[in-house]
Amino acid sequence: MTRFQQDYPTQAMPISTLTSATLSLSSKNTKTTTTPYSSTAKATSPITYTLYYGTFIHTPRLSELEINFNTLVGVNTFGEIDFIYKNFESNNGPQSPVEFFKSQYNPTSNISSLEAIEFVDNSRDLTKFFFPGFIDTHIHASQFPNIGIGLDTPLLDWLTTYTFAVELKFGVPLDSTDDLEKKIEIAKLVYSKIIDRTLSNGTTCASYFTTIDPETTNLFADLLLQHGQRGFVGKVCMDHNKSYPTYEESLSECEESMQKIISHCQMVNPPGETLVKPIVTPRFAPLCSKEMLRYLGRLSNEQDLPIQTHISENKQEIELVKQLFPESESYSQVYNKYKLLNLRTILAHAIHLSQKECDLVAGQKCSISHCPTSNSFISSGEAPVRKYLYEDKINVSLGTDVSGGFDTSILQIVKHAILVSHHLSMKDTKDVQQSNENCKLSISDGLFMSTLGGAKAVGLKDTVGTFAVGKRFDAQLIDLGVPNSNTDVFNWQLPFDGGADEDQTRRQKVLNLLGKWVFSGDDRNCVKVWCNGRLVIDKEA
Ligand code: GUN
Ligand code: FE
């Protein structure tokens with residue numbers, strides 16, 4: 001029996017009877033830690049019109065992997081793609097790609113500022129390609145120090161043994177200025193590190209959980225802007241933690257904190273841009289009173305804010321929800337009752353959904369964040385993702401779920417999503433309610449979920465996730481030939497330009513390279529990263 005089961009009442013308790021041991025923030029300690037926007041946002045620094053040339057790979061639709069060779073992409077001074085020309089053949093005429101661009105580009109526009117050119121020569125740089133930035137739709141920034149800790153501890157015990165303790169470091173009860181300084185210091189250290197790590201792995205946008213603490217959550221929003229990553233900032237909301245009462249808040253404290261964070265994000269975003277956005281984050285039903293769920297549903301609705309939470313990760317957790325919310329037919333119906341399921345909702349894990357719940361999630365147009373490394377590490381289960389995508393028509397994205405998950409890289413999550421799906425395919429059919437072959441995810445499925453699937457989940461499908469005119473240039477340059485990396489490409493595996501390789505052969509060779517990237521690549525192959533058209537990581541410099 002877990003501590004959760006021992007400590008929770010079998011019937012849900014009205015909030016008025018719950019005692020909260022919450023953070024007491026005295027007014028002297030509630031000063032904000034940052035100043036209003038002061039041009040420190042890396043992803044809005046001034047840039048010149050930039051022309052990119054090379055192989056561009058993306059997934060414009062589920063199960064469609066597009067490889068565009070010899071492609072020119074123009075990115076304007078707002079970081080927006082405003083020119084795409086595919087299959088430019090350098091040997092077809094005297095013009096270079098740049099001269100061609102200048103002759104084609106709308107002459108009324110000002111391109112006198114065209115200076116920087118990222119030129120990947122398709123006849124020489126055969127191991128390089130551009131790919132959209134990854135989108136991580138479920139990650140706990142505050143749990144970063146715990147990566148690798150707690151193997152095989154079931155969810156509810158894992159929370160009380162490891163997780164609440166590390167999150168509490170960001171929200172020590174504030175009795176003195178020393179306490180404030182201590183938590184700010186920890187937050188700066190941990191939050192800077194995880195943003196650096198994820199960016200360096202090609203993640204240009206992520207939906208984060210922080211902790212219940214508003215001051216360090218606001219600091220986290222500032223750090224996202226400073227480092228140049230798009231981010232959804234989720235202060236964890238939880239007012240019903242009987243299993244670990246030192247880590248919870250009251251409903252009114254939660255309301256006050258949410259207002260602070262909403263105002264702060266409005267204040268720090270650069271003019272005309274929304275790079276950081278608050279996201280309504282009920283941690284999960286077992287830790288929220290009904291009043292809190294109702295408030296959060298209303299808040300999201302009134303302020304047009306996205307929502308993220310956990311659902312059906314672990315069978316004990318599902319039982320607990322049944323006990324706490326006996327009036328609801330299912331876990332999903334609990335969230336639905338409080339108006340927390342809609343187009344802007346990201347449901348993390350969703351491993352053990354009934355068919356009725358799948359229909360509800362699909363009908364409400366929610367997205368799932370699949371977190372395979374976490375699901376393996378803490379033995380939560382194997383989500384039938386291919387079924388969700390192709391039969392239930394649910395949008396599925398990917399999450400690292402640090403630190404239930406042990407890796408900050410979405411590339412690794414693509415790999416594990418595919419491997420878990422293969423394990424599912426080796427199981428008895430009746431366990432997974434579908435034919436075995438239908439469980440297997442392809443590389444294209446994985447890459448779709450890591451980019452456009454993620455963009456849909458966070459409500460940015462028209463802004464990022466693929467290369468298209470009008471979208472922002474959030475991208476990574478991958479090089480499989482980078483010295484000292486883990487990827488080895490042999491001469492006969494290179495996709496030569498033009499004559500030597502027919503188009504089909506060339507495409508097949510690139511598909512093979514994508515296999516090498518997903519199964520043996522890592523952050524060393526991600527040599528440059530752009531967010532909003534701005535170069536934020538450059539390992540070639
Ligand atoms: N369910 C509630 N909180 C958490 C968390 O922090 N991580 C995971 N994996 N599941 C949760
Ligand atoms: Fe999680």
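Worth saying up front: this structure is predicted, and the values here are computed from it rather than measured. In listed order, ligands and their atoms are each counted from 1. By convention here, the first residue in the shown sequence is residue 1.
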Taking heavy atoms and a distance under 4.0 Å, where does [X] meet ligand 1: side chain, backbone, both or neither?
{"X": "Glu313", "answer": "side chain"}
{"X": "Leu287", "answer": "neither"}
{"X": "Trp158", "answer": "side chain"}

Point to revise | Enclosure of Arg524 CZ (heavy-atom neighbours >12, cutoff 6.0 Å) | key: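 For Arg524, atom CZ is crowded (more than 12 foreign heavy atoms under 6.0 Å).
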Check your understanding: Against heavy atoms of Arg283, which atoms of ligand 1 measure under 4.0 Å?
Key ->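 Answer for ligand 1: 2 (C), 3 (N), 4 (C), 5 (C), 6 (O).
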Study note, to complete from the structure: Numbered in order shown, the ligand 1 atoms found under 4.0 Å of a heavy atom of His349 are 9 (N)
Side chains of [X] and [Y], donor plus acceptor under 3.5 Å:
{"X": "Thr216", "Y": "Asn218", "answer": "no"}
{"X": "Ser250", "Y": "Glu253", "answer": "yes"}
{"X": "Tyr162", "Y": "Asp157", "answer": "no"}
{"X": "Asn375", "Y": "Ser380", "answer": "no"}

Review point. Ignoring water, what protein N, O or S atoms are under 2.8 Å from the Fe ion (ligand 2)?
Key: His138 NE2, His140 NE2, His310 NE2, Asp401 OD1
Check your understanding: Below 3.5 angstrom, do we get any N/O pair linking Glu167 and ligand 1?
Key -> no
**Study point:** side-chain hydrogen bond (donor to acceptor under 3.5 Å, both in side chains) contacts touching residues 276-286 (sequence neighbours left out)
**Key:** Glu167-Arg283, Thr281-Gln308
**Study point:** Ring geometry between His310 and His138 (parallel below 30°, tilted from 30 to 60°, perpendicular above 60°)
**Key:** perpendicular
Point to revise | Aromatic centroids of Phe232 and Tyr208 separated by under 6.0 Å | key: no
Review point. For the side chain to side chain contact (heavy atoms under 4.5 Å, CB included) test, which of Thr137, Val464, Asp136, Ile279 pairs with Val458?
Key: Thr137
